[in-house]
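Along the sequence shown, residues carry numbers from 1.
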Amino acid sequence: MCDKHETQDLSRRNFIKTSSALGAGLLLGGFAAPSFAASSEQLANGNIKSRGYAAFDNSGLLKPWEFERRPVGDNDILIEIKFASICHSDIHQMKGHWGAQQYPQVPGHEIAGIVTAVGKNVTKFKVGDRAGVGCMVDSCLDCNSCKDQGEQYCPETKFTYGYPDERSPTGITQGGYSNNIVVRDHFAVHIPENISLEHAAPLLCAGITTYSPLLKFNLKKGDKVGVVGIGGLGHLAVKLAVSQGADVYAFTSSKDKVADIKAFGAKVVVVNGEDAYNEHKSQLDYLINTLPVKYDIAKYASLVKPFGTYTQVGMPEEFSLNMNALALAASRVNFNASLIGDMQETQEVVDYCAKNNILPATQLIKASEINNAWQSVVEKKARYRYVIDASTF
């Protein structure tokens with residue numbers, strides 16, 4: 001659906017042309033006073049003026065909100081957001097399903113846009129670059145997790161929204177349902193020219209969340225990979241696994257998705273409740289479960305071969321699943337859970353999808369349609385990732 005909207009994206013050439021006033025002045029902390037694109041006004045106190053959609057309580061209803069972001073620091077970049085997509089995690093967190101929240105809070109951690117300012121220490125990006133931001137915006141960058149095991153496991157990692165941040169004028173990080181974002185340069189990735197920003201946005205969470213465990217599977221051609229839950233994450237898991245030569249077995253509760261899932265490349269599609277479900281017990285080498293709701297692990301563990309791998313990536317309410325220890329033990333699967341992916345993997349999945357033309361199925365919406373889109377996500381009506389046109393904030 002995205003190509004016809006690509007004209008809404010300023011090309012890099014047109015962006016630089018229309019933003020020529022920025023120039024070297026955008027190198028913050030240098031000798032020139034900083035300048036900002038029209039959509040990113042710097043206030044007298046150095047803060048960045050922002051506008052977006054925020055939750056004000058746990059009702060799940062979002063409303064327009066104007067707020068301030070922290071100044072662009074020496075190691076930061078400012079991104080003018082072009083597109084931000086909707087993840088079920090946004091809904092869980094804003095509704096307090098994962099614990100009490102501070103409001104107002106702007107959700108959104110699938111973000112794509114254009115760099116409009118860089119701090120004086122930044123060499124990774126320059127003004128005019130296409131950039132994406134996912135689930136993290138800062139960390140210590142010095143601990144073992146940051147260096148070797150994944151920045152998402154660092155005790156000091158700041159996630160993209162709702163996380164305490166003493167530098168933020170609102171006291172917490174604010175996400176991508178907005179016109180701009182300030183982020184540590186390390187936590188932004190380059191978006192290649194041959195993928196639209198609309199297509200790139202969902203890769204920053206849904207893409208990396210499914211790509212990271214697939215990397216660890218070390219798939220071989222013909223390996224049988226199960227994907228449970230074919231929504232925003234699941235449809236990308238199918239496409240990614242197919243691209244690596246796997247035979248994909250998709251499990252869905254939505255009969256009207258079967259044709260789509262087959263078009264994504266799945267070898268077999270099983271609708272929950274069908275007798276065909278039993279035919280695949282102990283048949284899969286690997287399984288990724290993307291369900292964002294509480295369910296019984298044993299049901300799906302029985303699909304995996306003894307000593308096969310079962311990875312949970314969906315995050316349900318209270319982060320809780322039901323587990324029958326005996327049934328899980330009897331299945332003999334290696335059960336684990338995976339948390340997004342590190343920044344190296346995040347850049348890798350964006351590059352991989354751009355190179356191999358692996359694109360999420362998206363539905364472009366205006367900011368005024370966010371609340372209706374959230375309801376559609378909950379009702380399993382999304383096909384398959386809603387992407388917000390940030391020019392409508």
Side-chain angles (χ1 to χ4, degrees), residues 39-41 43 45-71 78-79 81 83-111 113 133-139 152 156-184 187 201 204-205 232 292-293 314-320 339-340 365-379 382 386-390 392-393:
S39 64
S40 300
E41 177 185 351
L43 303 175
N45 60 5
N47 290 343
I48 309 300
K49 187 175 182 180
S50 301
R51 63 182 185 274
Y53 267 56
F56 291 81
D57 53 40
N58 65 4
S59 66
L61 178 67
L62 271 61
K63 300 176 183 178
W65 184 45
E66 292 190 358
F67 62 103
E68 296 179 16
R69 295 192 183 274
R70 63 182 173 85
L78 173 66
I79 297 173
I81 298 173
F83 297 98
S85 43
I86 293 173
C87 179
H88 206 132
S89 296
D90 303 337
I91 301 170
H92 277 320
Q93 184 157 326
M94 294 308 105
K95 289 188 174 184
H97 293 169
W98 293 345
Q101 298 295 311
Q102 177 178 323
Y103 303 101
Q105 186 177 153
V106 177
H109 56 206
E110 295 182 341
I111 302 162
V133 177
C135 299
M136 302 177 282
V137 292
D138 207 350
S139 75
Q152 67 271 37
E156 296 184 27
T157 289
K158 290 180 172 59
F159 292 92
T160 306
Y161 55 84
Y163 202 84
D165 187 351
E166 67 283 355
R167 303 164 303 175
S168 171
T170 65
I172 57 173
T173 55
Q174 302 288 356
Y177 290 15
S178 59
N179 66 313
N180 57 33
I181 190 167
V182 177
V183 58
R184 179 75 181 262
F187 291 92
L204 279 304
C205 174
V293 296
M315 292 293 166
E317 293 187 29
E318 300 176 348
F319 304 114
S320 178
L339 180 64
I340 51 175
I365 64 171
K366 299 177 181 178
S368 59
E369 299 174 280
I370 290 173
N371 290 308
N372 289 336
W374 273 27
Q375 188 61 35
S376 292
V377 170
V378 172
E379 295 175 356
Y386 285 111
V387 178
I388 307 161
D389 178 353
T392 62
F393 284 121

Side chains of [X] and [Y]: closer than 4.5 Å at any heavy-atom pair?
X    : Y    : value
L78  : R69  : no
S50  : V106 : no
I365 : N372 : no
Y161 : I181 : no
I86  : Y177 : yes

Is the shortest side-chain N to carboxylate O distance from D138 to K158 below 4.0 Å? no

Rounded distance [0.5 Å steps], [atom1] in [X] versus [atom2] in [Y]:
X    : Y    : atom1 : atom2 : result
D165 : T173 : CG    : OG1   : 6.5 Å
D90  : Q105 : CG    : CD    : 9.5 Å
S139 : Q152 : OG    : CD    : 10.0 Å
S178 : I48  : OG    : CD1   : 12.0 Å
M94  : W374 : CE    : CH2   : 6.0 Å
E68  : Q174 : CD    : CD    : 12.0 Å

Looking only at heavy atoms, which two atoms of [X] and [Y] are closest? And how far apart?
X    : Y    : value
R167 : R70  : O-CB, 3.3 Å
N47  : P71  : OD1-CD, 3.2 Å
T160 : C135 : OG1-C, 2.8 Å
C205 : C87  : SG-SG, 4.0 Å
A382 : V377 : CB-CG2, 4.1 Å
A367 : T392 : N-OG1, 2.8 Å

Are any side-chain N or O atoms of E110 and backbone N or O atoms of G108, one a donor and one an acceptor, separated by less than 3.5 Å? no

N180 side-chain N/O to K49 backbone N/O, donor-acceptor pair under 3.5 Å: yes

Please verify the inter-ring angle class for W98 with H92; under 30° counts as parallel, over 60° as perpendicular, anything in between as tilted. tilted

Do the ring planes of W65 and F67 sit parallel (below 30°), tilted (30 to 60°) or perpendicular (above 60°)? parallel

As a quick check of understanding, evaluate side chain to side chain contact (heavy atoms under 4.5 Å, CB included) for I388 and Y386, giving each step before the final call. CA-CA 7 Å; I388 307 161; Y386 285 111; 6.0 Å; no

Does the side chain of Y53 pick up a donor-acceptor pair with the side chain of N371 at under 3.5 Å? no

